[in-house]
Amino acid sequence: MKTPRDIDALLPDNSVDAGCAASFDVLHSYVEEELSGVDPANSQPGLAAHISSCPACREDYLGLRDAAVLFGDAEPFPSSTP
Amino acid sequence: MDASSRLWLDGLRTSGRDHERCVAALHALLLRVARYEVSRRAGSLQLRGPELEDIAQQASDDALMAIRTKVAGFRGDSRFTTWAYKFVMFEVSTKMGRHFWRHRHASMDADSWARLPDPGAVAADQRTEHREIFEALRRAIDQDLTPLQQRVFVAVALNEVPMDAMARELGANRNSVYKVLFDARRKLRESLRLAGYERPTQSSGSAA
């Protein structure tokens, strides 16, 4: 008997899940790796598994990815234009 | 390390006027990011302008404090800004979790099952199978989970209560709530497997 897809969404099976704390520690490098065009799931499978299962960390990841694109190049002392 | 990140680090580690300018610039930047993030998440809560601005201000203040405390641990494995912004994300999430209960009055028990898919929403030839597996899931939730696992699973997985809101409700942190959810899911998968359903399979892993 096949299981309806909804069950998989409710009960994801991620045996390599890194958990919230460990994922937060490396979330910044995960995002930068993704923005560089590399799939970070290859080097950080535990974090990839975690953000597919943890709604809170997934929101943090989505927000951080947006912020890194929109505000990532800011500097503390913007050079003055001549 | 890239040149911009070096400038941020130097500014935070130095003293005097350059340090003050750097901290002020960082706070202004964190506030911009917090406002953007609060706006991005606002749809999930019924919050209005002043409340959103208050959350953004508090989140940027607390993120700045966390960054100044932890900057020595920044290893340069990303741009400094990306590292810094994750503290904004965390603070926004935590503070929006606090506001969740102000706008959520429904009892968790009253609509516990509302999120389980309606059998009428699936194809006719799958309805019996669909109904059977969700009945098995209901039994497993009732019989196999601890009271805390039931509470967390029903709230987070079925009613989409933010985990930071649940953490506040339980006097816990996000990580500990997730571990309860992780264990509940694993137990439910095993219960369904024992009830004869092909998937999900049991996981041997654990959430740290």
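All values below come from the heavy atoms of this structure, side chains included, with hydrogens, waters and symmetry mates left out. In what follows, every chain begins at residue 1, and chains take the letters A, B, ... in the order their sequences are listed.
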Heavy-atom contact with chain B under 4.5 Å, split by part of [X]:
{"X": "A/D66", "answer": "side chain"}
{"X": "A/S53", "answer": "both"}
{"X": "A/L35", "answer": "side chain"}
{"X": "A/F24", "answer": "both"}

Handout entry: Main-chain N/O of A/A21 paired with B/N175 side-chain donor or acceptor, under 3.5 Å
Key = yes
Exercise for the section: Examine distances only and state if a side-chain atom of A/E32 and a backbone atom of B/R79 form a donor-acceptor pair shorter than 3.5 Å. Expected result: yes
Please look at [X] and chain A and tell me whether the side chain, the backbone, both or neither of the residue comes under 4.5 angstrom of a heavy atom of that chain.
{"X": "B/V92", "answer": "neither"}
{"X": "B/F80", "answer": "neither"}
{"X": "B/T82", "answer": "both"}
{"X": "B/L7", "answer": "both"}

How many angstroms lie between [atom1] in [X] and [atom2] in [Y], if you round to the nearest 0.5 Å?
{"X": "A/L70", "Y": "B/E37", "atom1": "CG", "atom2": "CD", "value": "10.5 Å"}
{"X": "B/S5", "Y": "A/E75", "atom1": "OG", "atom2": "CD", "value": "9.5 Å"}
{"X": "B/L188", "Y": "A/L10", "atom1": "CG", "atom2": "CG", "value": "9.0 Å"}
{"X": "B/L29", "Y": "A/F71", "atom1": "CG", "atom2": "CZ", "value": "7.5 Å"}
{"X": "B/M163", "Y": "A/C20", "atom1": "CE", "atom2": "SG", "value": "4.5 Å"}

Under a 4.5 Å cut-off applied to non-hydrogen side-chain atoms, are [X] and [Y] in contact?
{"X": "A/P55", "Y": "B/V156", "value": "yes"}
{"X": "B/Y85", "Y": "A/V31", "value": "no"}
{"X": "A/E59", "Y": "B/D164", "value": "no"}
{"X": "B/F90", "Y": "A/L64", "value": "no"}

Give the table of side-chain donor-acceptor pairs shorter than 3.5 Å for residues 64-73 of chain B, with sequence neighbours excluded, one pair per line with atom names and distance.
unit_1: B/R68; atom_1: NH2; unit_2: B/H19; atom_2: NE2; d: 3.3
unit_1: B/T69; atom_1: OG1; unit_2: B/M65; atom_2: O; d: 2.9

Problem - Residue pair A/C54 / B/Y178: nearest heavy atoms and the distance that separates them - result: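 Closest pair (atom of A/C54, atom of B/Y178, distance): CB-CE1, 3.4 Å.
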Practice task
Locate the shortest heavy-atom distance separating B/S4 from A/P76; write the atom from each residue and the value.
Solution key: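 In terms of heavy atoms, the two residues are closest at O-CD, 4.4 Å.
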Practice task
For chain B, find its close neighbours in residues 37-44 of chain A: heavy-atom separation under 4.5 Å, sorted by number, or none.
Solution key: none
Handout entry: Passing candidate, salt bridge (Lys or Arg N to Asp or Glu O under 4.0 Å) with A/D60, options B/K86, B/R40, B/R174
Key =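 Of B/K86, B/R40, B/R174, salt bridge (Lys or Arg N to Asp or Glu O under 4.0 Å) with A/D60 is met by B/R174 alone.
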Practice task
Step through the shown structure and confirm whether more than 12 heavy atoms of other residues, nucleotides or ligands are within 6.0 Å of CZ on A/R58.
Solution key: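 It does not: A/R58 CZ has 12 such atoms or fewer within range.
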Exercise for the section: Check the angle between the aromatic planes of A/H28 and B/F74 and answer parallel, tilted or perpendicular using the 30° and 60° thresholds. Expected result: tilted
Practice task
Among A/A56, A/S23, A/S29, A/C57, single out the residue with the greatest number of heavy-atom pairs under 4.5 Å to chain B.
Solution key: A/A56
Exercise for the section: Would you mind telling me which of B/V88, B/V177, B/V33 has the largest number of heavy-atom pairs within less than 4.5 Å of chain A? Expected result: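 So the answer, after comparing B/V88, B/V177, B/V33, is B/V33.
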